[in-house]
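Side-chain atoms are counted along with the backbone in the values below, which use heavy atoms only and exclude waters and symmetry mates. This one's a predicted model, so the numbers in the text were calculated from it and none came from an experiment. We number each residue from 1, following the sequence as shown.
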Amino acid sequence: MKDFLNDIFKYHYFYNKKLVAEFGTHQEKIPQSTFNLFCHCLNAHQIWNARILAEEKLEVHQLHHLKDLPQLIEATHAKTLQIINEFDLAQLITYQNSKGKDFSNSVRDILFHIANHYTHHKGQIIADFRRNKIEPLVTDYIFYKRQD
């Protein structure tokens, strides 16, 4: 399971870096709301990592400068790999959601949620690219695996 999770997060890391490049190339054509959604994805990833590691969290809708995203992607990916490699995936993590309500979930479930959250919103981002006449990246996992 840990090998699989490492691979899934390597996949998201790969496409997050590519999306940053696309945002840079097409800044004038991409709506602010699309960029905001990408920031939200990165923030949510960092927030979940911070919940597991008991660290300081970003705000869920915090906006970033495009130039700062590569560093955020690197740091968040490194923390996720640390979690995968150092934590028991069955370990329960107790945390508060953004409304202050307490919950507990396993590290495995949290990591799957992060990956699934990325997939959901990347689909929205790709649709936004198409609506704005930008040829979108092909981000399907199987296409990524074919590159190996």
(request) Any chance you could measure Thr34, atom OG1, to Ile134, atom CD1, to the nearest 0.5 Å? (result) 8.0 Å

(request) Start with the C-alpha distance between Leu66 and Phe35, add both sets of side-chain angles, then the distance that settles side chain to side chain contact (heavy atoms under 4.5 Å, CB included), and finish with yes or no. (result) CA-CA 9 Å; Leu66 182 62; Phe35 183 76; 3.9 Å; yes

(request) Would you indicate whether Asp102, at its atom CG, is surrounded by more than 12 heavy atoms from other residues, nucleotides or ligands within a distance under 6.0 Å? (result) yes

(request) Indicate the atoms forming the closest heavy-atom contact of Tyr15 with Val138, along with that distance. (result) OH-O, 3.1 Å

(message) His121: which residues meet the ring-ring contact (aromatic ring centres under 6.0 Å, His included) condition with it, sequence neighbours left out?
(response) His40, His117

(request) Would you indicate whether the side-chain heavy atoms of Asp88 and Val107 approach each other to under 4.5 Å? (result) no

(request) Say whether Leu5 and Phe87 are linked into one hydrophobic cluster, either directly or through other cluster members, by side-chain heavy-atom distances under 4.5 angstrom. (result) yes

(message) With rounding to the nearest 0.5 angstrom, report the CE to CG distance, Met1 to Leu111.
(response) 9.0 Å

(message) A side-chain contact here means heavy atoms from C-beta on lying under 4.5 Å apart; do Asn49 and Ile114 qualify?
(response) yes

(message) If the condition is side chain to side chain donor-acceptor pair (under 3.5 Å), which residues does Asn85 pass it with, not counting sequence neighbours?
(response) none

(message) For Phe9, give me all partners under ring-ring contact (aromatic ring centres under 6.0 Å, His included), at least two apart in sequence or on another chain.
(response) His45

(request) Heavy atoms only: give me the nearest Ser98-Arg51 pair and the separation to one decimal. (result) N-NH2, 3.8 Å

(request) Can you sort out the partners of Pro136 under side chain to side chain contact (heavy atoms under 4.5 Å, CB included), two or more places apart, ordered by chain and number? (result) Ile126, Phe129, Arg130

(message) I'd like to know whether Ile83 forms a side chain to side chain contact (heavy atoms under 4.5 Å, CB included) with Ile110, so could you lay out the CA-CA distance, the side-chain angles of the two residues, the decisive distance to 0.1 Å, and finally the verdict.
(response) CA-CA 11 Å; Ile83 290 165; Ile110 291 169; over 6 Å; no

(message) Check whether His64 reaches the backbone of Cys39 with its side chain - one donor and one acceptor, N or O, closer than 3.5 Å.
(response) no

(request) Just jot down the side chain to side chain contact (heavy atoms under 4.5 Å, CB included) partners of Ser106, sequence neighbours excluded, or say none. (result) Leu92, Arg108, Asp109

(request) With sequence neighbours excluded, tell me which residues meet side chain to side chain donor-acceptor pair (under 3.5 Å) with Ser33. (result) none

(request) With sequence neighbours excluded, tell me which residues meet side chain to side chain contact (heavy atoms under 4.5 Å, CB included) with Lys101. (result) Asn97, Phe103

(request) Just say parallel, tilted or perpendicular for the rings of Tyr11 and Tyr141, cut-offs at 30° and 60°. (result) perpendicular

(message) Could you report the tightest heavy-atom contact between Asn16 and Leu42, atom names first, then the distance?
(response) ND2-CD2, 3.8 Å

(request) Could you tell me the separation between the CG atom of Asn116 and the NE2 atom of His12, rounded to the nearest 0.5 Å? (result) 8.0 Å

(message) Quick one, Lys10 and Leu81 - any side-chain contact, counting heavy atoms below 4.5 Å?
(response) no

(request) Count the heavy atoms belonging to other residues, nucleotides or ligands that lie under 6.0 Å from NZ of Lys18, then report whether that count exceeds 12. (result) no

(request) Give a yes or no on this: more than 12 heavy atoms of other residues, nucleotides or ligands lie within 6.0 Å of atom CD of Glu56. (result) no

(request) Find the distance between CD1 (Ile30) and CG (Leu37) and round it off to the nearest 0.5 Å. (result) 12.0 Å

(request) List for me each residue that meets side chain to side chain contact (heavy atoms under 4.5 Å, CB included) alongside His120, sequence neighbours excluded, and say none if there are none. (result) Gln124

(request) Find the distance between CD (Gln91) and CG (Asn105) and round it off to the nearest 0.5 Å. (result) 12.5 Å

(request) Indicate the atoms forming the closest heavy-atom contact of Ile47 with Glu59, along with that distance. (result) CD1-C, 3.9 Å

(request) Treat each ILVMFWY residue as a node, draw an edge where side-chain heavy atoms are under 4.5 Å apart, and state whether Ile73 and Leu53 are in one component. (result) yes

(message) Looking at Lys2, is its backbone amide N or carbonyl O close enough to the side chain of Asn6 to form a donor-acceptor pair, meaning the two atoms are under 3.5 Å apart?
(response) yes

(request) Check whether any side-chain heavy atom of Leu58 lies under 4.5 Å from a side-chain heavy atom of Leu72, and answer yes or no. (result) yes

(message) Measuring only between side-chain heavy atoms, which start at C-beta, is Leu137 closer than 4.5 Å to Glu22?
(response) yes

(request) Quick one: list whatever passes side chain to side chain donor-acceptor pair (under 3.5 Å) with Glu74, sequence neighbours left out. (result) Tyr13

(message) Phe14: which residues meet the ring-ring contact (aromatic ring centres under 6.0 Å, His included) condition with it, sequence neighbours left out?
(response) Tyr144

(request) For residues Phe38 and Leu69, determine if any side-chain heavy atom of one lies less than 4.5 Å from a side-chain heavy atom of the other. (result) yes

(message) If the condition is salt bridge (charged side-chain N to carboxylate O under 4.0 Å, His left out), which residues does Arg131 pass it with, not counting sequence neighbours?
(response) Asp128

(message) How long is the straight-line distance from CH2 of Trp48 back to NE2 of His113, given to the nearest 0.5 Å?
(response) 5.0 Å

(request) Would you please name every residue forming a side chain to side chain donor-acceptor pair (under 3.5 Å) with Lys79, sequence neighbours left out? (result) Glu55

(request) Return yes when atom CD of Gln96 has more than 12 non-hydrogen atoms of other residues, nucleotides or ligands closer than 6.0 Å, and no otherwise. (result) yes

